[in-house]
Amino acid sequence: MPTIHEKLCSIRRRLEAVSSEAAQEAQLILAHVYGTTPGALIMRLLHEAEREEETDRIVAARLEGRPLAYILKSRSFYGADFYVDERVLIPRWDTESVVKEAVRRIAACEYRTAADICCGSGCIGITLLRETDIGCVTFTDISPGALAVACENARRLAPQRAARFCRGDLLRAMTEPADLLVCNPPYIPDAEIATLESQVRDHEPRLALAGGWDGLGFYRRLAEDAPEFLRPGGTLLMETGDGQAQAVSGLLAEHGFADIQTGEDLSGRLRWAAGVWR
């Protein structure tokens, strides 16, 4: 029977055919199988790999092109493990830059209420509940499946915090104004969906990807409708696709927002735009 270290090396080699992060994914698979963390797995490298059947089942599913997060039903985001499945977009590291800005504004402006629009897994709003003293977060999504996932994540990861879940189209699902509106909307131009890598195109929900003919359709609606759902001095903060931040800033200016700012992710790309409603 091979050791866990030998199994780790074998999985990494096999996954190189489908993933640019084969080494990391191999660690995640074995950590999941043995009920530990990737960091703690190093203490077990010389142990026998006793759970080969379960391990091989996961690897086979990954080699078929299914995203690992959907296979494991888990994705790490901002230090917490979120439940994910095919009903929601897989949380990305890019979005953590949006969350950091939201956390900063909640503290600096003493905001008491926030809304996670197009919430998907709920990773943005739930992280705000975990990382700030925000009074309440409202989660909205047009997909009942996505709201169910967000509700489950809130129950697991922020059980003592105030959260509301409202099904509906963008801001129209909201029942009252908030101090902070945060949204990671669909922003891929419709014509580019077919060019996405297969594990995104074929497995993640198109509803969470397609942003209209130019990718800016949801931003137009958010910039137009947000003043009705923001308290004076409140902020609309939106994740943007690569190369979209300046166009989104222009939409905010067009609809009367002030103090418009953009920000970068860890790779230096502009990934969010925000404006304050005066």
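Please read these numbers as outputs of a predicted model, since none were measured by experiment.
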| request: Would you sort out whether D85 and R87 count as a salt bridge (Lys or Arg N to Asp or Glu O under 4.0 Å), showing the intermediate values? | output: CA-CA 5 Å; D85 61 27; R87 293 175 290 179; 2.8 Å; yes
| said: Given the ring of W93, does R75 sit roughly above its face, with NZ or CZ under 6.0 Å from the centre of the six-membered ring and within 45° of the axis? | reply: yes
| field | Residue pair E239, Y187: steps toward the side-chain contact (heavy atoms from CB on, under 4.5 Å) verdict | value | CA-CA 9 Å; E239 180 169 337; Y187 54 68; 3.5 Å; yes
| query | Among side-chain atoms of T235 and Y111, is any donor-acceptor pair under 3.5 angstrom? | reply | yes
| query | Is any side-chain heavy atom of F257 less than 4.5 Å from a side-chain heavy atom of P227? | reply | yes
| query | Crowded around L63 CG? As in, over 12 foreign heavy atoms under 6.0 Å? | reply | yes
| Step by step, would you call T55 with I29 a side-chain contact (heavy atoms from CB on, under 4.5 Å)? | CA-CA 7 Å; T55 302; I29 290 171; 4.3 Å; yes
| Side-chain heavy atoms of K100 within contact of V103, under 4.5 Å | no
| field | Point-to-point distance, once rounded to the nearest 0.5 Å, from CG of L30 to CZ of R12 | value | 12.0 Å
| query | Any ion pair linking R172 and D225 (charged N to carboxylate O, less than 4.0 Å)? | reply | yes
| message | Can a side-chain donor-acceptor contact be found between Q199 and R62 if the only test is distance below 3.5 angstrom? | response | yes
| message | Looking only at the side chains, is there a donor atom on one of D265 and S267 sitting less than 3.5 Å from an acceptor on the other? | response | yes
| request: Look at the side chain of T37 and the backbone N and O of A40, then say whether any donor-acceptor pair between them is shorter than 3.5 Å. | output: yes
| Is any side-chain heavy atom of R130 less than 4.5 Å from a side-chain heavy atom of Y78? | no
| Any side-chain heavy-atom pair from I134 and R161 closer than 4.5 angstrom? | yes
| Has the side chain of N153 got a donor or acceptor atom that lies under 3.5 Å from a matching backbone atom of G122? | no
| So, E204 side chain and I90 main chain: donor-acceptor pair closer than 3.5 Å or not? | yes
| request: Report yes if the side chains of I124 and T127 come closer than 4.5 Å at any heavy-atom pair, otherwise no. | output: no
| query | Distance from I126 atom CD1 to E152 atom CD, nearest 0.5 Å? | reply | 9.5 Å
| query | Without hydrogens or angle criteria, can the side chains of T113 and R231 be said to hold a donor-acceptor pair below 3.5 Å? | reply | yes
| query | Heavy-atom count around H255 NE2 within 6.0 Å, excluding the residue itself: above 12? | reply | yes
| remark: The reported gap from CG in N184 to CH2 in W272 (rounded to nearest 0.5 angstrom) is 14.5 Å
| Any donor-acceptor N/O pair, D141 side chain to C119 backbone, under 3.5 Å | yes
| Between R221 and L171, is any pair of side-chain heavy atoms under 4.5 Å apart? | no
| message | Any side-chain to backbone donor/acceptor pair from S19 onto E16? Under 3.5 Å, distance only. | response | no
| task | Using distance alone, with no hydrogens and no angle criterion, decide if T138 and R164 have a side-chain donor and acceptor under 3.5 Å apart. | result | yes
| field | salt_bridge(R269, D94) N-O dist < 4.0 Å | value | yes
